[in-house]
Structure formats: C-alpha cells, structure tokens
Amino acid sequence: MKMVWIMRKRWKLWGIFLIIGIGLVVWAVNRQTTRERVVYDDEQKGLQNQIIIYFSHVVAENTPKGLAAQKFAELVEQKTNGRVKVEVFANGSLYSDGEELDALMRGDVQMIAPSFSKVTELIPEWQVLDLPFLFHDDDDIRRVFTGKVGDELLGMLEEKGIKGLALWSNGFKQMMGTTRPLIEPDDFRGLRFRIMPSEVIDKQFRLLGGEPVAVSFDHIYRALERHEFDGQENTISNIYSKGFYKFQPYITISNHGYLGYAVMMNQSFWDRLPKDIQQKITEAMAEATQWNLRQSKAQNERELQQLKQQKSVHLYLLSEMERKRWEQKLAPLYEEFARQFGSKLLNEIKEFHE
Ligand code: LMR
C-alpha cells in the first residue's frame with residue numbers, strides 16, 4: 001500500500017517537472033520570436049520583411065553624433081527604398097553608456113556609437129586615442145579616421161566579435177572648472193574631476209594633481225547639481241547641449257584631447273543581412289561619416305559662439321606657452337603608453353601630421 005502511494009507521489013512529481021519544463025521551452029521560444037520581431041518587422045503593410053535596426057546612443061539629438069545617426073538613418077532608408085529602417089534612440093533612452101556595449105554584444109540592440117574611451121575596457125590599445133595633444137586639427141582627424149589607422153582600429157573590434165562600421169567625430173575637448181579657471185597645471189591640484197572610463201584620462205588628471213572619478217554621461221547633470229565635481233573635460237557641443245556650462249562656467253579652450261566615436265553593429269546581425277543590404281549600409285555609412293566630419297567642426301564652432309553670448313560663462317583661450325606647459329606635464333603619458341602597448345600605432349597616427 002505504502003509502495004503504491006510512493007509511486008503515485010513520484011508520478012505526480014514527474015508531472016509537475018514536465019509541466020514546468022514545457023512552460024520554460026514555450027517561454028524561451030516566445031522570447032526569441034519577440035526578439036526577432038524587433039529586427040524583422042513583417043507586419044507592416046507593403047513592407048514585407050522590413051529590417052529594423054535599433055541604434056542607441058547617449059547624447060542629445062542635436063549633437064554631432066545625434067545628427068549623424070539621423071543622417072545615416074535617412075540615407076539607409078533612401079538607399080534601400082525603405083526595406084531597412086534605422087530607429088535612433090538618443091539621450092541614453094534605450095541604454096546608458098555603461099550598458100550599451102554589453103547590450104550590443106548580447107544582440108539586444110543592433111547599433112551603438114560609444115566614445116573611444118568607452119571602448120578601452122574591451123580593447124586597451126584604443127587608449128591611444130585618449131592621449132592628450134595627439135591630434136593637431138580637424139585635417140588630422142579626417143586622415144586618421146578614414147585612412148589606414150582607422151581601418152586598423154576597426155579591425156581590432158572585429159577580433160572581439162563586433163562589426164566596426166566607422167569612426168565618427170564630436171570635436172576637441174575643453175577643460176571646465178566650477179569655481180575658477182584652469183589655466184596652469186597647478187590649477188588642477190586637489191580638485192575632483194568627472195571623467196570617462198579610460199586609464200589614460202585617469203592618469204592625465206592624476207599627473208595634474210587632480211582626483212578623477214569615472215561617471216557615466218547620463219549622471220553628469222545630476223552630479224553637477226549636487227556639486228560633486230570641481231571640473232571636467234568635454235566638447236563644446238556636449239557642454240552646450242546638456243547645459244553643463246550652467247554649473248561649470250569657467251571654460252578653458254584648450255583643445256587638449258579628442259572625443260570621437262566607434263560606430264558599431266552586432267556582428268551576427270550584420271552577418272545575417274543579405275549582401276546587397278550590407279553594401280547599401282556601407283555606402284550610407286561612408287556618406288554619413290563624411291557629413292559628420294564636416295558638421296562636427298561647424299557645430300562646435302557655432303555653439304562656441306552661443307556660449308560667448310552667455311553672461312555667466314567665462315571663456316579663456318589657452319596661449320601657446322600655457323599649452324606647452326600642459327604638454328610637458330603630460331608627456332609621461334606617451335612614455336607609459338609606449339611601454340605598455342609599443343609605439344607602432346602611436347607612430348602611425350603621428351605620421352599624419354609630420
Ligand atoms: C562623455 O561621456 O562625456 C561622452 O563620451 C559622451 C558622448 O557620447 O559624447
């Protein structure tokens with residue numbers, strides 16, 4: 001009797017396991033289908049098998065990256081006659097900068113364009129692009145981004161299973177202070193700076209005697225409201241579009257570093273695209289990149305003029321002599337980079353302006 005009771009109980013348990021198992025399989029299949037639906041939206045009338053690309057970024061729409069993303073979306077739609085639709089999500093509304101790279105690698109989003117600094121955790125050699133005073137002017141940027149070095153950098157992404165599409169530009173970084181201007185290296189001593197996550201940038205501020213703290217872009221405004229930082233470095237377009245100048249009104253035009261972006265796509269998504277679509281996307285990206293390189297320069301110049309109109313903003317243009325003193329103070333960063341990663345990439349970049 002007891003035996004029969006035990007057998008029944010076992011069958012009951014197996015039954016429960018079976019139902020849970022079936023439930024899990026149904027859930028997983030459903031989840032996968034929902035994900036595919038994000039990419040292939042065939043419910044739209046007249047657009048059978050339309051391909052949807054989600055493009056997530058963290059800055060405002062009206063910035064060099066935001067506008068180039070929209071330009072790229074328009075070009076893709078035109079070139080594919082609407083077969084491919086790029087949906088752009090600005091202001092970190094889909095993923096913050098701390099989340100977007102993982103989301104891309106998982107395939108939860110198809111495209112992102114993080115700043116170079118944010119790629120350095122994955123590919124430390126990319127720190128080369130964060131070295132201060134590496135680029136002299138916008139011609140340097142164009143030659144490096146669209147030439148052999150650019151291809152080499154994008155190739156490193158491919159080794160990590162990411163399709164690197166292009167390098168985009170924002171502009172030169174300027175230095176900002178909350179309560180006083182930052183002109184001489186000694187002015188940085190003892191101050192707390194918001195930085196992007198990058199070892200080179202961290203060391204840059206430590207060499208100047210400051211205390212750098214990596215904070216994601218979407219947290220800066222709130223941190224500034226709470227007076228958590230005495231300074232930061234950023235481009236005019238980010239300073240202007242996000243209103244950082246309201247809290248850090250001392251802006252030194254130092255052009256000491258460069259903020260650019262790696263435009264990337266999930267590799268397996270790319271591999272699944274038909275060859276003719278890949279070709280159209282490549283063409284659209286090449287056009288959008290040229291457009292971005294022109295626009296970013298013009299936009300930073302225009303918004304610098306806007307900042308000059310703000311009564312509360314104190315702009316200071318670093319002189320050649322002052323700039324030389326910053327360069328001397330920060331020279332050890334180059335030696336350290338070469339020790340860690342060799343000089344090949346560094347020399348290839350420098351060749352462009354020698
Ligand atoms: C920053 O974190 O300051 C920038 O990387 C934001 C951006 O994408 O321009």
Side-chain angles (χ1 to χ4, degrees), residues 54-67 69 88-104 108-109 112-121 130 170-182 187-202 204-206 208 210-252 254 256-257 259-261 299-300 303-304 306-307 309-315:
Y54 279 11
F55 186 166
S56 171
H57 69 81
V58 300
V59 292
E61 277 137 354
N62 188 23
T63 54
K65 175 161 62 178
L67 293 171
V88 182
F89 295 83
N91 290 309
S93 56
L94 208 52
Y95 294 102
S96 72
D97 48 7
E99 303 165 337
E100 60 183 5
L101 196 50
D102 284 343
L104 181 94
D108 290 349
V109 66
I112 59 170
S115 59
F116 298 150
S117 312
K118 292 162 194 167
V119 180
T120 59
E121 256 177 38
D130 281 336
N170 180 324
F172 282 94
K173 288 184 287 186
Q174 320 301 346
M175 213 51 101
M176 304 169 75
T178 306
T179 54
R180 57 183 159 95
L182 301 163
D187 295 336
F188 291 75
R189 199 165 291 281
L191 301 185
R192 202 174 144 88
F193 291 88
R194 177 270 165 175
I195 60 162
M196 295 185 273
S198 156
E199 263 182 55
V200 163
I201 297 180
D202 184 278
Q204 168 189 289
F205 281 98
R206 287 186 196 282
L208 292 165
E211 186 201 337
V213 183
V215 162
S216 111
F217 189 69
D218 55 319
H219 287 150
I220 301 180
Y221 195 88
R222 224 168 316 135
L224 295 184
E225 272 182 328
R226 292 195 207 119
H227 312 289
E228 285 174 20
F229 292 102
D230 305 304
Q232 67 165 311
E233 52 171 24
N234 225 314
T235 60
I236 291 295
S237 81
N238 280 345
I239 295 169
Y240 183 72
S241 62
K242 288 289 177 189
F244 298 153
Y245 63 89
K246 293 177 200 153
F247 304 95
Q248 299 188 322
Y250 294 93
I251 304 176
T252 304
S254 50
H256 65 279
L259 185 82
Y261 305 112
Q299 182 161 8
N300 278 290
E303 289 173 357
L304 178 59
Q306 307 279 1
L307 284 178
Q309 312 293 320
Q310 304 288 327
K311 284 207 172 59
S312 58
V313 170
H314 308 270
L315 284 161

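All values reported here derive from a predicted model rather than from experimental measurement.
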Original post:
For the side chain of Lys65 and the backbone of Tyr261, is there at least one donor-acceptor N/O pair under 3.5 Å apart?
Top reply: no
Subject >> Side-chain donor/acceptor of Thr120 to backbone N/O of Ser198, under 3.5 Å >> reply: no
Original post:
If we only count heavy atoms from C-beta on, is the Ile201 to Glu233 side-chain gap below 4.5 Å?
Top reply: yes
Subject >> Side-chain (Asp218) to main-chain (Ser96) donor-acceptor, under 3.5 angstrom >> reply: no
Original post:
Do Phe229 and Phe247 have their ring centres less than 6.0 Å from each other?
Top reply: no
**OP:** Take Gln204 and Phe193 through the side chain to side chain contact (heavy atoms under 4.5 Å, CB included) test and state the conclusion after the steps.
**Re:** CA-CA 11 Å; Gln204 168 189 289; Phe193 291 88; over 6 Å; no
Original post:
Distance from Asn234 atom CG to Tyr240 atom OH, nearest 0.5 Å?
Top reply: 15.5 Å
Subject >> More than 12 heavy atoms of other groups within 6.0 Å of Gln310 CD >> reply: yes
**OP:** Would you check if the side chain of Gln299 reaches a backbone N or O of Asn62 as a donor-acceptor pair within less than 3.5 Å?
**Re:** yes
Original post:
Have Thr63 and Asn170 got a donor and an acceptor in their side chains that come within less than 3.5 Å?
Top reply: no
Original post:
Does the side chain of Asn238 pick up a donor-acceptor pair with the side chain of Lys173 at under 3.5 Å?
Top reply: no
Original post:
Hey, what do you get for CZ (Arg206) to CZ (Phe188), rounding to the nearest 0.5 Å?
Top reply: 15.0 Å
Original post:
Atom CG of Leu259 and atom CZ of Phe116: how far apart are they, to the nearest 0.5 Å?
Top reply: 8.0 Å
Subject >> Separation of Leu208 CG from Leu191 CG (nearest 0.5 Å) >> reply: 10.5 Å
**OP:** Evaluate whether atom NE2 of His314 has more than 12 neighbouring non-hydrogen atoms of other residues, nucleotides or ligands under 6.0 angstrom away.
**Re:** yes
Subject >> Spacing of Met176 atom CE and Leu224 atom CG [to the nearest 0.5 Å] >> reply: 7.5 Å
Original post:
What is the distance from atom CD1 of Ile239 to atom CG of Asn300, rounded to the nearest 0.5 Å?
Top reply: 9.0 Å
**OP:** Measure from the side-chain N and O atoms of Gln174 to the backbone N and O of Thr235, and report whether any donor-acceptor pair falls under 3.5 Å.
**Re:** no
Subject >> Test item: Arg194 side-chain N/O and Val215 main-chain N/O as donor-acceptor pair under 3.5 Å >> reply: yes
Subject >> Worked check of side chain to side chain contact (heavy atoms under 4.5 Å, CB included) between Tyr221 and Lys246 >> reply: CA-CA 10 Å; Tyr221 195 88; Lys246 293 177 200 153; 4.2 Å; yes
Subject >> Residue among Glu61, Lys242, His57 satisfying side chain to side chain donor-acceptor pair (under 3.5 Å) with Asn91 >> reply: Lys242
Original post:
Just by modelled atom types, is the Asp187 backbone N or O under 3.5 Å from a matching donor or acceptor in the Arg180 side chain?
Top reply: yes
Original post:
So, Asp130 and Ser117: side-chain donor and acceptor under 3.5 Å apart, yes or no?
Top reply: yes
